[in-house]
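Beneath this line is the structure, given in structure tokens, with notes to follow.
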Amino acid sequence: MTDSAGPQTTGADSDGSPFILAQDLSKTYQQGRLQVEALRGVNLAIPAGAFVVILGPSGGGKTTLLNLIGGISRPSGGSLVVGGLALDRVKRATTVRYRREQVGFVFQFFNLLPALSACDNVALTLLARGVGWREACQRSRHVLCELGMGDRLDHRPVELSGGEQQRVAIARAVVGKPRLLLADEPTGNLDAESATQTAELLQRLHHQGSLTCLLATHNEQFCRFATTVYEIRSGVVFLQGDSR
Amino acid sequence: MRAIVLFRLVWKDLVHDRLRSVLSLALLSVLVTLFLLVTALARALQTFGSDEGTPANNLWIISANVIDPGHSSLYQETLDQAAADVRANYGPDSVTAASPVIFRYLRVADRLMQILAVPPADAESVHHLELLDGHWPRTTSQAAVSRSAMSLLDASIGEQVEVYGRPFSIVALFEPPSAQAVSIGMTYAAGQNLLGTGHGFQIGVLQLSPQSDVPAVQSWLEQTPNLAGRYSVYQARQVTRNLTRILEATAVLGRVFQMLALLVVTFGSLNAASLFVLERQRDINTLYAIGYSTSTVQTVLLIRTCILSLAAFLPGWAVASLLLAPHQGGAVVFSSAIVPVVSGATTASAAALVVMAAGAGAWFAGRQPQAPS
Ligand SMILES: Nc1ncnc2c1ncn2[C@@H]1O[C@H](COP(=O)(O)OP(=O)(O)O)[C@@H](O)[C@H]1O
Ligand SMILES: [Mg+2]
């Protein structure tokens, strides 16, 4: 069965400290007068280069956890350090830079901008970093071609299938060569075949670089790719298996 | 991030969402047109019958109890006596001139116009009629035409105008103290010729020396046996004011409508910004997630709203000008023209306000980053 995951129980980075370290992490949403405890006392230690699957039912707290690690929202309690950056304490401008330069996000509903072509959507990441339009497009095209989307560069999201949209979204996430890839139910909205392709694509990208991947899903299929599997239920995280 | 990049992103979005962009633009344009028209009218009403140029040291003697000076009748003896009375009481230098004015409202070329017949020597020095072009009428068949009358008649110096069935040749363009007044000036003799001398003249003007205590002389003079009960004495400005008071309420309403129209334009712009944000919250949250800062997103929103609002000023301005074009001469009320014009300054300040509203909208909307769904 599972046991509670603590920093002492998981692998560490080469210099001894894990890439992601969460200690007693909690997140409470205020919903009117109601308090929703989405995360409770979460402890995680994830080494750089890991492929982590976070498994859990809907409402378990997966999205909340990824949003904290991705610097989109702030913890209510505990500490969270990613790549040496204390996300529970840093200034907002620092989180913006962290998101921009270190994190790639993949969402369940792709979240592509409808007005922009596939290429422009990918370029958004680079444009945010101040890369010029021309260069951003060039690099985006290159990445899209690598992901087999070379003939879809100028298509708008509505002109693409779900699987293709997700590939564009993945390209957008990795074009800036982030250290951390966060995928929140990336196949939740795809048919079985596209889901498998997407999963394999993510695994391929993970193998290619020194990317640390966190993938949240309720689909146990993904566990075969994982170096580490955590389970999350009602805001509590358990270590389920570590392949190393 | 470079502004040009943001601009390009906004542009792609506007083009992608053509229908919505055009609809927003159309709505804002209508609001801008409305604002410019209402402003033009409000301005025109405010300047209506403005007596800025009316000399403060002129006293008007007219029949008691008339509102329209055209109904007044006065004779030379009464005016001379009044001048003598003031000199006797306030010193020989207290009155610098006494001049009669024949004054009527007549229909000229189907418009209500003022006829002013004054001794030519007094036209400028006493009555402050300012000659803009040509020379003052010398004969009984010559006329001077005020600027607004000239544009209503669509005439120019050298042409003829028929007044009360008699042709006059236009020899002068002038501006009366109340600049919008639609007036035709002529010599005193021409006025007598045209309108007959049975009623004497209408307004007796006493020009007091600049040092005079005008209100004191005014109330004293009204009590003299010469005038008491039969004639009223006004400061020249009061007469114009009595006439224009009728329009004051309208002018106030005009100003209120102007403010309202400005608010409507401003909130229209604000509304366009916040509706857009509501509609695109998801995209905006995505931008936050992939590393765009609050201020960048706010700038994007600002650029978008500014483009739409400012673009609306062009068609808005064009339509307003087009609608006003047939009314260049303005509407004439009590022989004073109401001339609505689309003013550049108003347009510019309204545009500035709209941009500020757009800025506020963008700031409020972009201030709260949320997790994307
Ligand atoms: N913005 C929010 N406001 C209030 N409650 C929220 C919010 N986001 C998530 N929750 C709640 O927190 C819990 C965990 O949600 P979430 O992290 O989205 O779970 P999962 O992604 O595993 O489905 C759920 O009970 C959910 O209702
Ligand atoms: Mg979720």
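For the numbers below, each heavy atom of this structure counts, side chains included, while hydrogens, waters and symmetry mates do not. Convention: sequence-line order gives letters A, B, ...; per-chain numbering from 1.
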Chain A contact via Leu14(B) - which portion, at a heavy-atom distance below 4.5 Å: neither

Contacting region of Asp17(B) [heavy-atom separation from chain A under 4.5 Å]: neither

Other residues, nucleotides, ligands: >12 heavy atoms within 6.0 Å of Leu253(B) CG: yes

Closest non-hydrogen atom pair, Phe105(A) against Ala289(B): CD1-O, 3.6 Å

Which atom of Gly291(B) lies closest to which atom of Ala128(A), heavy atoms considered: O-CB, 4.3 Å

Closest contact, heavy atoms only, Asp13(B) versus Ala115(A): OD1-CB, 3.5 Å

Among Leu113(A), Leu182(A), Asn67(A), Thr125(A), residue most engaged with chain B (heavy-atom pairs, under 4.5 Å): Leu113(A)

Proximal component of Arg97(A), with respect to chain B [non-hydrogen, under 4.5 Å]: neither

Nearest-0.5 Å distance, OG1 of residue Thr286(B) to CG of residue Leu112(A): 8.5 Å

Heavy-atom pair of closest approach, residues Arg282(B) and Phe109(A): NH2-O, 3.1 Å

Part of Pro178(A) within contact of chain B (heavy atom distance under 4.5 Å): neither

Check: Arg92(A)/Thr294(B) side-chain N/O donor and acceptor closer than 3.5 Å: yes

Euclidean distance, Leu127(A) CG relative to Leu6(B) CG, rounded to 0.5 Å: 9.0 Å

Ile290(B) side chain reached by Asn111(A) side chain, heavy atoms, under 4.5 Å: no

Min side-chain heavy-atom separation Tyr292(B)-Arg100(A) under 4.5 Å: no

Distance (rounded to the nearest 0.5 Å) between Asn285(B) CG and Ile72(A) CD1: 8.5 Å

Residues that Asp120(A) engages under salt bridge (charged side-chain N to carboxylate O under 4.0 Å, His left out), provided they are two or more places apart: Lys12(B)

Qualifying residues under side-chain hydrogen bond (donor to acceptor under 3.5 Å, both in side chains), relative to Glu279(B), sequence neighbours excluded: Arg20(B)

